[in-house]
Amino acid sequence: MTLLPLIFTAGWASGINAYAVVLLFGLFGVTGLSDEVPEGLQRTDVLIAAAVLFLVEAVADKIPYLDTFWDTLHTVVRPAAGAVVAALIAGSDESLPQLAAAAVGGTAALVSHLVKAGLRMAINTSPEPASNIVTSTLEDLCVAGVITLAIFHPVAAAAVAGAFLLIGLTSIMLLASRIRRYRRRRRERRQAAAQPC
């Protein structure tokens, strides 16, 4: 159970940027800054793949509408990554079964992913691209900061991740009308594209 805060935090962060989570954990493990990082995340091929995919996401996540398409593609990837990372972390702890850890990590990742995707829909109702760039950069910085905090102070990091999750859920409720507007516009564009000239 001592790894539960780290597992929850890893799940939350995976829902926002799974590749950054894998890359950061791997780097913390390779450099010897943490003994909690599983060997599987420290492999060179895993680090290279995570770095390349992180760079692709860093670009895709900052372009209006492409970010929402990217989020749609990652509706399965991010929760699955959160579950796998959580199970790997729990693998070294006899007190927390890997299946339970995977459930916690995957669920936290799914909820934070849905919050992120919803917020991006609301942001995409704004005509300028600057809000996407700022939001994406802040997300990446939050993930990096919270994962770094989790390595050294997992309980504090879990509290911060939980607070971010609650703030995100509240924001989704407050921005529900903008999210509906985004969906309506997308539906109208699809219908217009489907009509013959």
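Only a predicted model underlies this, so the values are computations on that prediction, with no experimental measurement involved. Heads up: numbering here begins at 1 and tracks the sequence.
Here the shortest heavy-atom pairing between Phe8 and Gly162 reads CE2-N, 3.7 Å. Smallest separation of non-hydrogen atoms from Leu149 and Ala156: CD2-C, 4.0 Å. A pairwise comparison of heavy atoms in Ala86 and Gly105 identifies CB-CA, 3.8 Å as the closest pair.
Arg120 is listed as a side-chain neighbour of Glu139, based on a closest heavy-atom distance under 4.5 Å. Annotation: side chain of Phe28 is in contact with side chain of Thr148 (closest heavy-atom distance under 4.5 Å). With contacts defined as side-chain heavy-atom distances shorter than 4.5 Å, the pair Val111/Leu169 qualifies. Between Leu6 and Phe25 the shortest side-chain heavy-atom distance falls below 4.5 Å. Side-chain contact between Thr75 and His113 is present, with heavy atoms from C-beta onward closer than 4.5 Å. The side-chain heavy atoms of Leu3 and Glu36, taken from C-beta on, include a pair separated by under 4.5 Å.
Under a hydrophobic-cluster definition in which Ile, Leu, Val, Met, Phe, Trp and Tyr are linked whenever side-chain heavy atoms come within less than 4.5 Å, directly or via other members, Phe54 and Ile151 are assigned to different clusters. In the hydrophobic cluster analysis, where Ile, Leu, Val, Met, Phe, Trp and Tyr join through side-chain heavy atoms closer than 4.5 angstrom, Phe152 is grouped together with Val37. Note: the hydrophobic cluster containing Leu53 does not contain Val46 (ILVMFWY, side chain heavy atoms under 4.5 Å, direct or indirect links). Under the 4.5 Å side-chain heavy-atom criterion for ILVMFWY residues, a single connected hydrophobic cluster contains both Val84 and Ile147. Hydrophobic clustering, with ILVMFWY side chains joined whenever heavy atoms are under 4.5 angstrom apart, keeps Leu88 apart from Leu47.
Salt bridge status for Glu57 with Arg78: present, with a side-chain N to carboxylate O gap under 4.0 Å.
In this structure a side-chain-to-backbone donor-acceptor pair under 3.5 Å is missing from Tyr182 to Asn124. At least one donor-acceptor pair closer than 3.5 Å links the side chain of Thr170 to the backbone N or O of Leu166. With hydrogens and angles ignored, the 3.5 Å screen pairs no side-chain donor or acceptor of Ser136 with any backbone N or O of Ile133. When atom types are taken as modelled, the side chain of Gln98 and the backbone of Ala87 share a donor-acceptor pair closer than 3.5 angstrom.
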task: Let me see the working for Leu119 and Thr135 under side-chain contact (heavy atoms from CB on, under 4.5 Å), right down to the final yes or no.
output: CA-CA 9 Å; Leu119 290 175; Thr135 302; over 6 Å; no
task: Start with the C-alpha gap between Val143 and Phe164, add the side-chain angles, then the distance that decides, and say whether side-chain contact (heavy atoms from CB on, under 4.5 Å) holds.
output: CA-CA 11 Å; Val143 166; Phe164 279 146; over 6 Å; no
task: Under the side-chain contact (heavy atoms from CB on, under 4.5 Å) rule, what do Ile63 and Asn132 come out as? Steps first, then yes or no, please.
output: CA-CA 7 Å; Ile63 300 171; Asn132 291 76; over 6 Å; no
message: Is there a side-chain contact (heavy atoms from CB on, under 4.5 Å) between Asp61 and Lys116? Walk through the geometry before answering.
response: CA-CA 11 Å; Asp61 211 34; Lys116 173 183 175 162; 3.1 Å; yes
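Atom CZ of Phe69 has 12 or fewer heavy atoms from other residues, nucleotides or ligands within 6.0 Å.
We find the CD-CZ distance between Glu188 and Arg184 to be 6.5 Å, quoted to the nearest 0.5 Å. Put simply, CD on Gln42 and OG on Ser34 are 8.5 Å apart, with the number rounded to the nearest 0.5 Å. Rounded to the nearest 0.5 Å, atoms CG (Leu175) and CD1 (Ile123) are 8.5 Å apart.
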Extract all donor-acceptor atom pairs below 3.5 Å that involve side chains of residues 9-24 and protein atoms in other chains or at least two apart in sequence.
residue : atom : partner : partner atom : Å
Thr9    : OG1  : Pro5    : O            : 2.8
Thr9    : OG1  : Ala158  : N            : 3.3
Ser14   : OG   : Ala10   : O            : 2.8
Asn17   : OD1  : Tyr19   : N            : 3.3
Asn17   : OD1  : Ala20   : N            : 3.0
Asn17   : ND2  : Asp140  : OD1          : 3.1
Tyr19   : OH   : His74   : NE2          : 2.8

